[in-house]
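Worksheet: one structure, shown below.
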Amino acid sequence: MLVPFVSRSLSSSLRTKNPSFFLATRAVTNPVEKYWTHLQSNDPNIEKALTRVGAKLDSSCVKELLTRCSCTNKHPTSGLRFFIWAGIQREYRHNSHMYNIACKLFNINQNPNLITDVIDAYTLDNSVVNLKSFKVVLNLCKEAKLPNEGLWVLKKMQDFNCKPDTTAYNLVIRVFCEKGKMDEALMLMQEMSLSNLYPDMVTFITMVKSFCDLGRIQDASKLFKIVKQQGCSLNVIAYSTLLDGICKVGDLEKGLNLLDEMNKKGGSCTPTVVTYTSMIRNFCEKKKSMEALTILDRMENNGCLANRVTVTTFINGLITENRIDEAYKLIDRVVNKGNVSKGECYSSLVVTLLRFGKDEDGEKVFRKMLSNGLKPDGLACSMLLKKMCLKEVMDAFEVCNEIEKLGFVSSIDSEIYSMMMDGLCRKGCLMEASKLARLMIEKGVRLNGSYSESVVEYLNNAGEMELVSRIFGG
DNA sequence: TTAGGGTTAG
């Protein structure tokens with residue numbers, strides 16, 4: 001858990017004597033406390049009570065309340081009811097990250113009964129639940145990868161006078177698909193028509209993708225044909241999904257033919273940068289990165305420009321084949337077209353080299369970027385500095401200073417700063433640690449919790465009370 | 001607002 005690096009509200013004597021107190025302190029906002037009171041009250045109609053609170057919701061507030069509910073272990077159902085209630089509020093919407101947090105905190109995947117418990121609680125309490133609430137529940141099932149519970153919820157909706165719509169069906173179909181349970185997915189697809197809903201492009205693409213992932217290209221193509229026969233117009237996403245599947249199983253030739261077909265059809269089937277990039281990736285994965293260059297020719301001839309993903313994909317392929325010179329050539333070529341910047345391209349090169357364990361090459365490119373005034377992105381900086389911290393923290397510190405001097409405001413992970421601070425303290429480089437502390441304070445970077453205690457301990461042992469107070473006192 | 005490509009983790 002991250003803790004605030006600087007907490008001006010605490011007295012410095014308290015902080016230096018008892019850093020763990022400081023670590024346990026968490027900033028609390030008013031809405032959290034307001035909602036928390038109601039969540040603890042065991043009110044059978046939690047939703048009504050929560051609505052009456054009327055305090056502003058945001059993701060940190062939701063996260064905090066979920067954490068509290070999951071920590072106490074007494075309120076998993078209330079916690080989930082809060083989550084579902086929050087998800088249907090007008091001014092707030094859960095993002096996918098929030099679903100992920102909820103699933104992890106309540107360990108829904110391992111405790112699927114939580115889903116049924118919540119719905120049963122709604123029944124028991126006569127709660128008013130609408131279609132929107134059920135979509136939140138279905139999204140939880142999706143995030144927790146629970147197809148059977150998803151199906152159960154879909155059936156249960158009728159008890160609450162809610163009729164599942166296409167989106168609801170598609171959600172559950174997707175969960176079955178992700179589990180590779182295609183028979184169940186197909187059955188749901190059929191069931192949709194029986195309830196006067198019809199599979200749409202989303203249903204279709206979900207199915208095609210899963211058949212492709214399973215290597216069942218024939219089944220995917222069959223589905224494709226059926227949709228065509230029904231007179232539905234297919235779009236570029238559908239075609240690109242099938243194209244990717246065909247290439248993945250190794251049939252690049254057939255893939256190229258399909259790409260031609262898409263170009264001929266034109267309109268909503270015209271290949272996009274995503275289509276070309278996935279084609280390039282497939283060539284690269286088969287160690288044919290030089291041949292992939294012909295795809296780049298094709299896309300440029302069709303007036304489609306490579307973007308950053310295209311470049312990254314290419315660099316990955318070229319470095320895998322040890323063709324670093326070709327990677328440089330490619331970067332020049334793409335940069336000349338003006339769609340991707342030099343800094344972005346070289347950042348991708350650094351990241352790829354480091355990822356492949358070519359640390360020296362990566363560092364060389366990185367330093368060259370700095371000397372040429374090219375701005376490395378956050379990931380390139382973070383990855384390089386992390387590697388350097390593990391080898392020689394002073395080198396990392398020096399590079400970090402250089403980045404600062406050039407005024408490159410890259411988002412370096414707080415983890416990296418914390419690691420560096422820890423390393424400098426361990427080495428007894430107090431001057432540097434002090435300088436880094438100032439930089440972190442200036443940038444508002446928080447010291448990662450796992451390093452706080454060790455950093456304080458080293459500095460205290462070294463008699464650097466002043467530095468400790470500067471770190472924690474600003 | 002349930003669907004397509006890469007690199008972090010949130």
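- Considering only residues two or more places apart in sequence or on other chains, A:Ser233 meets the side chain to side chain contact (heavy atoms under 4.5 Å, CB included) condition with none of them.
- Residues passing the side-chain hydrogen bond (donor to acceptor under 3.5 Å, both in side chains) test with A:Tyr92, sequence neighbours excluded: A:His94.
- Within 4.0 Å of A:Asn235, counting heavy atoms only, lies at least one base atom of the nucleic acid.
- Closest-nucleotide positions on DNA chain B for A:Val202 and A:Ile101 were compared, and the one nearer the 5' end corresponds to A:Val202.
- What separates CG of A:Leu66 from C1' of B:dG10 is a distance of 15 Å, to the nearest Å.
- The side chain to side chain contact (heavy atoms under 4.5 Å, CB included) check on A:Lys329 picks up A:Glu326, with sequence neighbours excluded.
- The distance between atom CG of A:Asp200 and atom C1' of B:dA3, rounded to the nearest whole Å, is 9 Å.
- Under the 6.0 Å cut-off for aromatic ring centres, A:Phe83 and A:Tyr99 qualify, their centroids lying closer than that.
- Rounded to whole angstrom, the span from the CZ atom of A:Phe176 across to the C1' atom of B:dT2 amounts to 16 Å.
- Within the structure, ring pair (Phe, Tyr, Trp, His ring centres under 6.0 Å) contacts touching residues 248-289 of chain A (residues at least two apart or in different chains) do not occur.
- Computed from coordinates, the A:Met98 CE to B:dA9 P distance equals 19 Å when rounded to whole Å.
- Each of A:Thr166 and A:Asn100 was assigned the nucleotide of DNA chain B with the nearest heavy atom; the assignment lying further toward the 5' end belongs to A:Thr166.
- Which of B:dT1, B:dA3, B:dG10 sits closest to the side chain of A:Lys63 comes down to B:dG10.
- Distance, A:Asn95 CG to B:dT1 C1': 14 Å, rounded to whole Å.
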Dump the pairs, protein N or O against N or O of nucleotides 4-6 of chain B, anything under 3.5 Å, distances to one decimal.
| residue | atom | partner | partner atom | Å |
| --- | --- | --- | --- | --- |
| B:dG4 | N2 | A:Ser240 | OG | 3.0 |
| B:dG4 | N2 | A:Thr272 | OG1 | 3.0 |
| B:dG4 | N2 | A:Thr275 | OG1 | 3.2 |
| B:dG5 | O3' | A:Arg281 | NE | 3.4 |
| B:dG5 | N1 | A:Asn307 | ND2 | 3.3 |
| B:dG5 | N2 | A:Thr277 | OG1 | 3.0 |
| B:dG5 | N2 | A:Asn307 | OD1 | 2.9 |
| B:dG5 | N2 | A:Asn307 | ND2 | 3.1 |

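- Straight-line distance from the NE2 atom of A:His94 to the P atom of B:dT1: 14 Å, rounded to whole Å.
- Scanning residues 127-157 of chain A for heavy-atom distances under 4.0 Å to DNA chain B yields an empty list.
- What separates CD of A:Glu415 from C1' of B:dA9 is a distance of 11 Å, to the nearest Å.
- Contacts classified as ring pair (Phe, Tyr, Trp, His ring centres under 6.0 Å) and involving residues 139-180 of chain A (residues at least two apart or in different chains) are given here: A:Phe134-A:Phe160.
- By the side chain to side chain contact (heavy atoms under 4.5 Å, CB included) test, A:Ala238 is found to be paired with A:Met201, A:Phe204, A:Ile205, A:Phe224, A:Leu234, A:Asn235, residues two or more places apart in sequence or in another chain being considered.
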Contacts table for residues 362-380 of chain A: side-chain donor-acceptor under 3.5 angstrom, sequence neighbours left out:
| residue | atom | partner | partner atom | Å |
| --- | --- | --- | --- | --- |
| A:Glu363 | OE2 | A:Arg367 | NE | 3.1 |
| A:Glu363 | OE2 | A:Arg367 | NH2 | 3.2 |
| A:Ser371 | OG | A:Arg367 | O | 3.3 |
| A:Ser371 | OG | A:Lys368 | O | 3.0 |
| A:Asn372 | ND2 | A:Lys368 | O | 3.3 |
| A:Asp377 | OD1 | A:Leu379 | N | 3.4 |
| A:Asp377 | OD1 | A:Ala380 | N | 2.9 |
| A:Asp377 | OD2 | A:Arg308 | NH1 | 3.4 |
| A:Asp377 | OD2 | A:Arg308 | NH2 | 2.8 |

With ring-ring contact (aromatic ring centres under 6.0 Å, His included) as the test, would you mind laying out the steps for A:Tyr35 and A:Trp85 before giving the verdict? CA-CA 12 Å; A:Tyr35 286 120; A:Trp85 170 85; 5.6 Å; yes
